[in-house]
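Let me begin by presenting the structure, written as structure tokens, before commenting on it.
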Amino acid sequence: MKILKKISGTVLVSLLLFSCSQKNKESNNTLLLENLRLIDGNGGNPVENVKILIKDGKIVQIGNNISDKEAKIVDLKGKTIIPALISAHSHIGTLKGTTTKPENYTEENILSQLKKYQDYGVLNVMVMGTDRPLLFESGLRDKSAKGEIEGARIHSAGYGFGAPNAAPPVDFAMDKVFRPTSVSQIPAEMDSLTKVNPEVVKIWVDDFNGKYKVKMQPEIYKAIINEAHKRNLRVAAHVYYLSDLKKLVADGIDIIGHSVRSEVIDNATLAQMKAKNIIYIPTLSLDEYAFIYAKKPDWINDEFFKKSLEPGVYEMITSAKYQDDLKKSSNFATNMKAFETAKQNLKKVYDAGILVAMGTDSGAMPLRAQGFSEHLELQLMTESGLSPLQAISVATKNSAKALKIDKDFGTIEVGKTADFIIVDGNPAQNIKDTRKIFSVYKAGQKVK
């Protein structure tokens, strides 16, 4: 009896301690942020000295006269809050160190990279066509969507469609990509893809600066678009040439996953893109990475950049041999010109009223640093002629629209999930201030 009483007493104490911890946990689910400069993602001017009340991961009140006795109060005077960044074009898992290989695609590597995106304030990423069965078989994507694992939330385009013996390159862990040789193959392949519930379908329509003699033929991608649309799926195209863009627009493409870099887009094509509600993802950082390391950019020794790199990449890109090889590359001048054309096209597309979303192609190869690239993209958008506030809206509100998650994410508004970055400085005046990260909150919880 004494033993039972002793055990019962121990259980009672444990229950009381658990009850107290639960009450503390519940009270910690209410957070009041004070004295903030608010950039809400909608494009308007910042609002000073704002209070934001968060309960159970949601924003419940924004204003000046807010109080809550249960809330944990955080004074953030002098700091700015912006919505968490959203990348509509990224890659996860195949990159490790200085390699991009199928064997890199492990649960450990995926989780590490999702955590890296989170550390940089990027809390939703669309993986554009390079996922592998492990993601779906392990339940990682579902756990990510439910917030059961740390890091950015994964959105997936599944396996993607390319051309046989051409783009995308098989040696960059693209061996799971469908490569139909005839229109008749496409319905069955699309049925296979739909088993993993992709959010979009990715296609590659490019010859990679003449690297490949062929690229996906119009009859193939037209059939892919038609079959995807039958299944209520949108299609995103990797594209480079204006001639391909025009055909894709005529054939019903939904998303342009890279800038047009061959020439400036004509007004008639822009009008068609707007009329068809086509989304444009410029990935300017991808184009700058093709040559910029040879020019030793001002951020190359910045810890914010260096910490985003995989092991060994910094040593590779700063070596004299690598930089000399870049300068001597036959595509060096072409790549610089393509980058300038991409910037011109971004401004034209944006001014035409077409929805521009932020994507970087980060994680596709070692040069494209996950996390840093998204902040560099903001800078490059402003260099293209967008204002800092416009660039922030592209990377938050517009990207949420592109991923169809804008009901919950993309702006700091009542009712939305409390995903945001708190930074020192004022990104509305200097876009590089987004890199001065003080803290990152995911669903109301401080994660960095």
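Everything numeric in this text was worked out from a predicted model, so none of it was measured.
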Mark yes or no for whether Q185, through its side chain, and T181, through its backbone, hold a donor-acceptor pair below 3.5 Å. yes
Could you walk me through whether D424 and K79 pass the salt bridge (Lys or Arg N to Asp or Glu O under 4.0 Å) check? CA-CA 5 Å; D424 292 309; K79 302 188 186 303; 2.4 Å; yes
Is the closest side-chain heavy-atom distance between N426 and N430 below 4.5 Å? no
Which heavy-atom pair separates L193 from F178 by the least distance, and what is that distance? CB-CE1, 3.9 Å
Do the non-hydrogen side-chain atoms of S156 and V196 ever get within less than 4.5 Å of each other? no
Could you tell me which non-hydrogen atom of Y293 sits nearest to which non-hydrogen atom of I317, and how far apart they are? CE2-CD1, 3.5 Å
Any carboxylate oxygen within less than 4.0 angstrom of a Lys/Arg side-chain nitrogen, looking at K343 and D287? no
Without swapping roles, check the side chain of S399 against the backbone of V394 for a donor-acceptor pair under 3.5 Å. yes
Once side chain to side chain donor-acceptor pair (under 3.5 Å) is applied, do any residues pair with D244, and if so which ones, sequence neighbours excluded? K215
For a 4.5 angstrom cut-off between non-hydrogen side-chain atoms, does I203 reach L248? yes
Quick check: does any side chain N or O of E148 sit under 3.5 Å from a backbone N or O of K143, one acting as donor and the other as acceptor? no
Ignoring hydrogens, what is the shortest heavy-atom contact between E189 and F161? Give both atom names and the distance. OE1-CE2, 3.6 Å
Check: G93 main-chain N/O paired with Q113 side-chain donor or acceptor under 3.5 Å: yes
Is it the case that the side chain of R261 and the backbone of F339 share a donor-acceptor pair, with hydrogens and angles ignored and the cut-off at 3.5 Å? no
Do Q323 and L326 have side-chain heavy atoms sitting under 4.5 Å apart? no
S144 versus A152, closest heavy-atom pair with distance: OG-O, 3.4 Å
Using the side-chain contact (heavy atoms from CB on, under 4.5 Å) criterion, which residues pair with S393? Sequence neighbours excluded. none
Under the side chain to side chain donor-acceptor pair (under 3.5 Å) test, residues paired with E263 that sit two or more places apart: none
May I have all residue pairs that pass ring-ring contact (aromatic ring centres under 6.0 Å, His included) and include part of residues 105-151, sequence neighbours excluded? Y120-F304, F136-Y159
Validation row: V60, I54 side chains within 4.5 angstrom (heavy atoms): no
According to ring-ring contact (aromatic ring centres under 6.0 Å, His included), does anything in residues 427-448 pair up with another residue at least two apart or in another chain? List the pairs. F420-Y441
Any donor-acceptor pair under 3.5 Å from N104 side chain to L95 backbone: no
Side-chain donor or acceptor of E377 paired with backbone N/O of L284 under 3.5 Å: yes
Do L111 and E150 have side chains that approach each other closer than 4.5 Å (heavy atoms only, starting at C-beta)? no
Identify all side-chain donor-acceptor contacts of residues 408-417 below 3.5 Å with residues at least two apart in sequence or on another chain.
residue, atom, partner, partner atom, Å
D408, OD1, K58, NZ, 3.4
T411, OG1, E413, OE1, 2.6
T411, OG1, K416, NZ, 2.7
K416, NZ, D406, O, 2.9
T417, OG1, K58, NZ, 3.1

State which residues pass salt bridge (Lys or Arg N to Asp or Glu O under 4.0 Å) with R368; sequence neighbours excluded, sorted by chain then number. D361
Is K146 salt-bridged to D142, going by a charged N under 4.0 Å from an acidic O? no
Considering only NZ, NE, NH1 and NH2 on the basic side and carboxylate oxygens on the acidic side, decide whether E227 and K230 come within less than 4.0 Å. yes
Would you say S262's side chain and L242's backbone share a donor-acceptor pair under 3.5 angstrom? yes
With a 6.0 Å cut-off (strictly less than), is the heavy-atom count around NZ of K222, excluding the residue itself, greater than 12? no
Only pairs under 3.5 Å count here: list side-chain donor-acceptor contacts from residues 276-283, not counting sequence neighbours, and write none if there are none.
residue, atom, partner, partner atom, Å
K276, NZ, V249, O, 2.8
Y280, OH, V260, N, 3.0
T283, OG1, H258, ND1, 2.8

Apply side chain to side chain donor-acceptor pair (under 3.5 Å) to D302 and list each qualifying residue two or more places apart in sequence or on a separate chain. none
Should K115 and D119 count as an ion pair when the cut-off is N to O under 4.0 Å? yes
Any donor-acceptor pair under 3.5 Å from T80 side chain to G425 backbone: yes
Quick test of your reading: applying salt bridge (charged side-chain N to carboxylate O under 4.0 Å, His left out), list the pairs with at least one residue in residues 384-400, sequence neighbours left out, ordered by first then second residue. none
Over 12 non-hydrogen atoms of neighbours within 6.0 angstrom of CG in D171: yes
Say whether, by atom type as modelled, one donor and one acceptor occur between the side chain of R37 and the main chain of E48 under 3.5 angstrom. no
How far apart are the C-alpha atoms of L233 and D254, what are their side-chain angles, what is the distance that settles it, and do they pass the side-chain contact (heavy atoms from CB on, under 4.5 Å) test? CA-CA 9 Å; L233 289 167; D254 303 286; over 6 Å; no
Would you mind reporting whether L376 and T360 have side-chain heavy atoms less than 4.5 Å apart? no
Distance-only donor-acceptor pairs under 3.5 Å for side chains of residues 309-316, two or more places apart:
residue, atom, partner, partner atom, Å
E310, OE1, G97, N, 2.9
E310, OE2, K116, NZ, 3.3
Y314, OH, N301, OD1, 2.3

State which residues pass salt bridge (Lys or Arg N to Asp or Glu O under 4.0 Å) with K176; sequence neighbours excluded, sorted by chain then number. none
